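Values reported hereafter were calculated over all heavy atoms of this structure, with side chains retained and with hydrogens, waters and symmetry mates removed. Just so you know, these numbers come straight off a predicted model, no measurement behind them.
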Amino acid sequence: MDRIKVYTYTRVSTTMQIDGYSLDAQKARMKAYADFNNFEIVGEYEDAGKSGKSIEGRLAFNNMIEDIKSGKDNVSFVMVFKLSRFGRNAADVLSSLQVMQDFGVNLICVEDGIDSSKDAGKLMISVLSAVAEIERENIRVQTMEGRIQKAREGKWNGGFAPYGYKLVDGRLEINEDEAEAIRIIFDQYVNTDMGANGIARYLENHGIHKIARQNGKNPLFDSALIRKIVKNPVYCGKIAYGRRKTEKVHGTRNEYHLVEQDDYIVVDGLHEAIVSEDVWGKAQVKAALQAKKYEHIHRGASEHIHLLSGIIKCPICGAGMYGNKSIKHKKDGTKYKDFYYYGCKHRNMTRGHKCNYKKQINEEVIDSAVSEVIIKLVSNPKFATLMQNKINMKVDTTEIDREIKAFEKQLHRNYSVKTKLSEEIDMLDPEDKHYERMKSDLNDRLYNMYDKIEDIESKLIEVRAKKSAIETDKITGDNIYKVLIHFEQLYGVMTDDEKRKFIEELISEVHIYEERQPNGQWLKSIKFKLPIVEEDMEMSLDCDKHVETVVLMSRKLKNNG
């Protein structure tokens with residue numbers, strides 16, 4: 001007689017071994033169980049150091065489910081040591097089990113004595129998985145309470161030491177190799193008018209770099225890190241706990257994000273301060289004032305729309321150049337005018353990336369150049385005919401229509417089978433000695449038919465959505481082509497918001513020269529999102545100079561137009 005084939009799944013977290021059983025101990029118990037029951041273990045799946053709160057991130061578990069779906073080893077069971085090793089999220093446990101059972105595979109929990117193929121098995125799994133989830137939440141609450149108590153005692157709460165400190169027997173001690181940079185940052189922040197961006201440049205210009213460590217390999221102090229440093233009370237000898245709280249993302253099951261809190265614990269720490277409370281307090285005053293100023297500037301700046309922000313690319317590093325504003329003053333100090341420009345987003349060492357391209361490209365000049373290129377394009381005699389042909393072109397959905405009809409036919413056929421099975425069940429004679437067996441067989445066939453119907457309905461929804469997306473793309477493309485035909489007339493009366501939306505649909509990238517050309521030209525090339533021009537169509541700019549390249553779209557319409 002052939003032995004029943006099974007998979008085994010084992011998991012332990014990084015912080016503990018549940019019930020004292022290591023991975024090896026779990027495997028040994030399951031092997032003994034398999035030998036006793038004449039099972040053949042044909043696959044072993046192991047997630048070491050993985051939490052059971054979610055199946056996400058558990059590579060071996062997900063690989064096992066995929067192997068079950070593919071019928072790779074024709075297994076009948078998955079064995080786990082305890083149900084909590086399979087998962088601690090009740091919804092995940094039950095949905096994963098349902099998937100397994102859809103493919104004829106059941107779950108055995110050796111220590112809990114559960115077999116999902118038995119009548120009471122799934123009920124026990126439902127109850128115990130809910131209990132496991134409650135236990136996990138209790139552990140989280142207890143751990144948090146322990147950390148809060150530790151913070152109240154002024155102790156470091158775990159994790160990497162903040163830059164400027166090192167951990168010695170779980171306590172923070174000043175790391176002089178790093179602390180000098182922290183002192184310089186606070187000194188410059190408090191005693192000069194420089195902000196985080198200015199200090200990042202100051203440190204780079206003076207050769208002051210971050211020392212590589214486990215939680216930070218980037219050698220540059222970027223502005224975001226400097227803002228975090230000047231706000232962190234640890235540097236004036238305090239311990240703060242609860243400044244950021246992990247909260248569940250609304251509408252999700254297992255997604256969380258960090259949210260800044262207004263109310264949190266701050267106590268005197270057991271560690272030595274790197275800067276005085278007076279210096280740290282002055283830094284907080286400046287940070288608050290800068291935050292207000294930043295909010296005010298950007299609230300006012302939001303009224304101005306930067307048409308090519310993010311679309312125009314830096315000629316040095318290739319990153320997006322973003323719209324900004326500076327205020328020009330007269331010699332007597334009074335305001336002259338607002339100057340809008342595009343600058344490379346990495347010129348202030350954003351997120352540790354640095355770019356040396358410091359030029360501020362006048363927005364009005366480059367915006368006008370781009371609109372001029374489009375005007376020259378649409379004034380080409382070939383253009384109107386070309387665009388009209390594209391508008392009149394029918395989108396080809398023949399293949400998708402064929403898929404839709406096939407799925408509708410299958411669905412109709414399966415609904416007919418389902419109706420017949422229901423009728424057969426109703427016509428069974430309860431007095432027949434095989435009544436229960438026949439009813440059970442018909443019920444199994446009926447349930448399988450419901451699964452098939454559900455699968456086909458899902459595929460039908462998907463393929464109809466695909467057709468709708470193609471048709472929507474076609475409509476969007478046609479509208480853009482229609483605007484282009486009358487571009488010169490329409491662009492002049494569009495609002496800035498309408499212009500920005502139009503450009504976002506039309507253009508993917510704008511490239512400029514590193515230096516302004518002798519004829520005053522900045523614009524080097526434009527990459528369109530839609531198939532706008534044929535390869536032999538040229539566009540001339542000022543002084544009869546040709547645009548260096550006009551690149552066709554990277555995202556083609558689904559009608560291959």
Excluding sequence neighbours, so at least two apart, what forms salt bridge (Lys or Arg N to Asp or Glu O under 4.0 Å) with Glu509?
none
Any salt bridge between [X] and [Y], counting N to O under 4.0 Å?
X: Asp278; Y: Lys282; value: yes
X: Glu178; Y: Lys210; value: no
X: Arg201; Y: Glu204; value: no
X: Lys359; Y: Glu515; value: yes

Counterpart residues, ring pair (Phe, Tyr, Trp, His ring centres under 6.0 Å), relative to His271 (two or more places apart)
Tyr165
Side-chain donor/acceptor of Arg11 to backbone N/O of Asp47, under 3.5 Å:
no
Please indicate whether Glu272 has more than 12 foreign heavy atoms, meaning atoms of other residues, nucleotides or ligands, lying under 6.0 Å from its CD.
no
Counting only heavy atoms not in Glu176, do more than 12 sit closer than 6.0 Å to its CD atom?
yes
What verdict does the side chain to side chain contact (heavy atoms under 4.5 Å, CB included) test give for Ile65 and Met100, after you've listed the backbone C-alpha separation in whole Å, the side-chain angles of each residue and the deciding distance to 0.1 Å?
CA-CA 7 Å; Ile65 295 296; Met100 286 166 46; 3.9 Å; yes
Shortest non-hydrogen contact between His306 and Tyr340, atoms and distance:
CE1-CD2, 3.8 Å
Within residues 163-174 or reaching into it, pairs that qualify as salt bridge (Lys or Arg N to Asp or Glu O under 4.0 Å) - sequence neighbours excluded:
none
